[in-house]
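Order of appearance sets the numbers: ligands from 1, and atoms from 1 within every ligand. This structure is a prediction, so every number in the text was calculated from the model and none was measured.
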Amino acid sequence: MSRPEYDIIVVGGGHAGSEAAAAAARMGARTLLITMSLEAIGRMSCNPAIGGIGKGQIAREIDALGGLMGLATDESGLQFRMLNRSKGPAVWSPRAQCDRFMYAAAVRRMLEAEPNLFMRSDMAVDLLTEGDRVAGVVTQLGVEIRSKAIILTSGTFMNGQIHIGDKSYGGGRMGEGASKGLTGALHRLGFESGRLKTGTPPRLDGRTIDYVRLEEQKGDLEPSPFSYMTDRLPEKQLSCWITFTDPSVHDILRTGFDRSPMFVGRIQGTGPRYCPSIEDKIDRFADKDRHQIFLEPEGWNTHEVYVNGFSTSLPEEVQMAAIRRVPGLEEVHMLRPGYAIEYDYFPPYQLRYSLETKHVRGLFFAGQINGTTGYEEAGAQGLIAGANAASYVQEREQLVLKRSEAYIGVLIDDLVAKGTDEPYRMFTSRAEHRMMLRQDNADERLTEIGHSAGLVSEERLRRMERRRDARQQLLDAVRITSITPEEVNPYLQTLESAPVKQTDRIAKVALRPEVSLGELLRSTGTQHLIPEVEGLERVEEMVEIDLKYEGYVDRERGLIEKMEQLESMPLPDGLDYHAIHNITMEAREKLGRIRPENLGQASRISGVSPSDVSVLMVMVKSGRMPRLADAG
Ligand SMILES: Cc1cc2nc3c(=O)[nH]c(=O)nc-3n(C[C@H](O)[C@H](O)[C@H](O)COP(=O)(O)OP(=O)(O)OC[C@H]3O[C@@H](n4cnc5c(N)ncnc54)[C@H](O)[C@@H]3O)c2cc1C
């Protein structure tokens, strides 16, 4: 048998594949990235936007772990906004509209800078195995390439089928072919697969939009970067624009319903519930007479505009007629129609927490192949799969993040513990510890972990430490420094906040919800307390969050400790759940199928009740657990 040429092969150069390849190579694994087209590396299939609610936190976590996404976003961003500012900091979520071409170019450049990373333009069509281990891939050119581990990140490409009205053809994304062969190979290895669906809106020629009729949405005046390493963001930003549909638009769209691939049942796959197509919105919310549409630029040097909120797979002429009834779009030229795409995915309960498959050692899955949707969800899984494939090859400890440590931990735990039968995207509501998992503290939560795993550079680690020290320094300073009524009352008056009667600590005044710590320090002449740090982060903003939310954070810490007790109780692989008679039938069936790694995971499986968990806990503690006959 020939020696493996590579430690790791990553199949697919999308968001999961790029992060996976970069992570594996950075950890010292000789890595080959095989992707159908090198020109499409880092391509954004849908809107060129990174972040948003729940997703912005993930993008910052990827960055804190040394990933590519934050850096590529800062380099290519053309509008930056912090969403949810009017709500609590737990749900503040950064979002950036990017230049599609610059983003992909930045990802490609960063990959090419990795000395251990090699690329090949080709399609993987089959897998080689030896015993229970993966051993390489076969490509469509008939070439066998051997490796010790493989990461599959095929996105929407596996048996992809594109639909526009009554037209349908094979493709992985508009203008790119479908990936064939791998689904069959995986079925032969014992994997189950399913079909999912997603969709995208039409793209318009910006020169034909009447912007005078639209509402302008500008970027933030003081934009926040995605990467903790960014010192400067582009000064200039582009605006997005808002318009609305009306009943006449809906009437036109309804004329195409009898040719809608979704409504006539030609699309079998389940679509994203929270991101419905415009025809779905009209059908499901028939009483709403208008829907918001955001017109978002796709780049600095193109007129192409993305029509956010108008995803559709209705016939092209119906799309065109309807869109021309939208205010501001009466004369619009459509560059390409919206479409829907169906593709194969592999229900993620077939994975371990490391994202290695349970069936085949050394085989990892990441991204849309696991039933997720979104660049951030894909990138996060890619990074973890890349790190763990490298650890597998190097026989090192696996990198598994807890739900209390990161949104990435929540994402992977949800996938592995519960599986998904519809496209999974992140929301802040999925994270029970969201008060701890904020976008501002991702580096403090994760950079040391990434450094120990070999993902994070010394420079990044030092930068995090300096920021963390600066934060603590300011926190200590405002807790001991006092301000007099004469110093603070003029500022409080501007806020119509009650004046203070005696000298008080800055930290105490800052607890008032209407008070901004930064403004308080500046208006009382105490801004010298703010330490200087590199980058664009505002230390005073982070300290304000620390002060105002201290009580909540302490309470959450208590809950986390309780949950960690369950996580530390392992459930053996060969446990025979069907022989445990005092748990429910549903629990037996689900536990037997998902085979959780510990009691914490078992407790999060829907259908497993607290009393089922108590029974399992007694068994784990007593060490008396029924084993499957072949479990040894
Ligand atoms: C039409 C459409 C609409 C979408 N709408 C949304 C949306 O509204 N919201 C949202 O959050 N996300 C949306 N997405 C999803 C988003 O694009 C994906 O979640 C994200 O790109 C997934 O990243 P990935 O790395 O898993 O896969 P992808 O970005 O799809 O990349 C897969 C890569 O793998 C390569 N590849 C596949 N098979 C092989 C093979 N056998 N051999 C070699 N290379 C292979 C492909 O060439 C491609 O480069 C949409 C995607 C599409 C196509």
Side-chain angles (χ1 to χ4, degrees), residues 9-21 32-52 54-55 58 69 104 107-108 119-127 137-141 145 150-164 171-183 185-186 196-201 203 271-272 274-277 306 308-313 336-345 365-383 385 423-426:
I9 294 175
V10 177
V11 176
H15 306 277
S18 300
E19 295 287 356
L32 176 68
L33 173 62
I34 301 182
T35 192
M36 286 162 68
S37 158
L38 293 180
E39 288 66 46
I41 283 178
R43 183 171 288 170
M44 296 160 126
S45 316
C46 202
N47 193 5
I50 292 290
K55 289 167 171 269
I58 297 183
M69 187 170 275
V107 171
R108 171 101 185 239
M119 296 183 197
R120 178 185 170 94
S121 191
D122 205 342
M123 181 162 80
V125 294
D126 204 352
L127 295 170
V137 299
V138 183
T139 77
Q140 73 173 340
L141 299 175
I145 310 173
I150 291 176
I151 307 171
L152 293 185
T153 69
S154 52
T156 53
F157 284 71
M158 274 207 226
N159 292 323
Q161 188 72 19
I162 288 175
H163 299 269
I164 308 174
R173 184 160 59 189
M174 195 165 264
E176 293 176 62
S179 148
K180 301 276 179 189
L182 281 182
T183 302
L186 291 166
L196 291 177
K197 169 244 154 188
T198 187
T200 196
R203 309 300 199 273
Y274 39 80
C275 187
S277 62
Y306 180 90
N308 195 345
F310 205 85
S311 167
T312 178
S313 56
R336 57 174 159 135
Y339 64 94
I341 182 163
E342 272 186 296
Y343 52 93
D344 294 338
Y345 86 110
F365 291 171
Q368 196 117 354
I369 187 176
N370 288 336
T372 58
T373 171
Y375 312 126
E376 304 78 2
E377 291 83 348
Q381 292 170 67
L383 182 94
Y424 176 105
R425 72 150 281 181
M426 185 49 75

- Task: For the residue pair E176 and S37, confirm or rule out a side-chain donor-acceptor distance under 3.5 Å.
- Result: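 Looking only at side-chain atoms, S37 and E176 do not form any donor-acceptor pair under 3.5 Å.
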- Query: Which distance, rounded to the nearest 0.5 Å, do you find between the CG of L196 and the OG1 of T156?
  - Reply: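 Spacing of CG (L196) from OG1 (T156) equals 11.0 Å.
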- What distance do I150 atom CD1 and I145 atom CD1 have between them, rounded to the nearest 0.5 Å?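 These two atoms lie 9.5 Å from each other.
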- Side-chain contact test, heavy atoms from C-beta onward, threshold under 4.5 Å: evaluate it for T198 versus P272 and give yes or no.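 Contact flag for T198/P272 side chains = yes.
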- Quick one: do Q140 and D122 satisfy side chain to side chain contact (heavy atoms under 4.5 Å, CB included)? Show the steps, please. CA-CA 7 Å; Q140 73 173 340; D122 205 342; 3.5 Å; yes
Write out each pair where an N or O from ligand 1 and one from the protein are under 3.5 Å apart, with the distance.
{"unit_1": "ligand 1", "atom_1": "5 (N)", "unit_2": "T198", "atom_2": "OG1", "d": "3.4"}
{"unit_1": "ligand 1", "atom_1": "5 (N)", "unit_2": "G199", "atom_2": "O", "d": "3.2"}
{"unit_1": "ligand 1", "atom_1": "11 (O)", "unit_2": "K55", "atom_2": "NZ", "d": "3.3"}
{"unit_1": "ligand 1", "atom_1": "11 (O)", "unit_2": "G374", "atom_2": "N", "d": "3.4"}
{"unit_1": "ligand 1", "atom_1": "12 (N)", "unit_2": "T373", "atom_2": "OG1", "d": "3.1"}
{"unit_1": "ligand 1", "atom_1": "12 (N)", "unit_2": "G374", "atom_2": "N", "d": "3.4"}
{"unit_1": "ligand 1", "atom_1": "17 (O)", "unit_2": "S45", "atom_2": "OG", "d": "3.2"}
{"unit_1": "ligand 1", "atom_1": "19 (O)", "unit_2": "Q368", "atom_2": "OE1", "d": "2.2"}
{"unit_1": "ligand 1", "atom_1": "19 (O)", "unit_2": "G374", "atom_2": "N", "d": "2.6"}
{"unit_1": "ligand 1", "atom_1": "19 (O)", "unit_2": "G374", "atom_2": "O", "d": "3.3"}
{"unit_1": "ligand 1", "atom_1": "25 (O)", "unit_2": "H15", "atom_2": "N", "d": "2.9"}
{"unit_1": "ligand 1", "atom_1": "25 (O)", "unit_2": "A16", "atom_2": "N", "d": "2.9"}
{"unit_1": "ligand 1", "atom_1": "26 (O)", "unit_2": "Q368", "atom_2": "N", "d": "2.9"}
{"unit_1": "ligand 1", "atom_1": "34 (O)", "unit_2": "T153", "atom_2": "O", "d": "3.4"}
{"unit_1": "ligand 1", "atom_1": "38 (N)", "unit_2": "S179", "atom_2": "OG", "d": "3.4"}
{"unit_1": "ligand 1", "atom_1": "41 (N)", "unit_2": "A124", "atom_2": "O", "d": "2.9"}
{"unit_1": "ligand 1", "atom_1": "41 (N)", "unit_2": "S179", "atom_2": "OG", "d": "3.1"}
{"unit_1": "ligand 1", "atom_1": "42 (N)", "unit_2": "A124", "atom_2": "N", "d": "3.0"}
{"unit_1": "ligand 1", "atom_1": "44 (N)", "unit_2": "M36", "atom_2": "N", "d": "3.2"}
{"unit_1": "ligand 1", "atom_1": "49 (O)", "unit_2": "T35", "atom_2": "OG1", "d": "3.4"}

- Got a sec, which pairs hit salt bridge (charged side-chain N to carboxylate O under 4.0 Å, His left out) with one end in residues 373-383, sequence neighbours left out?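 As it turns out, the salt bridge (charged side-chain N to carboxylate O under 4.0 Å, His left out) pairs with a partner in residues 373-383, which skip direct neighbours, are K55-E376, K55-E377.
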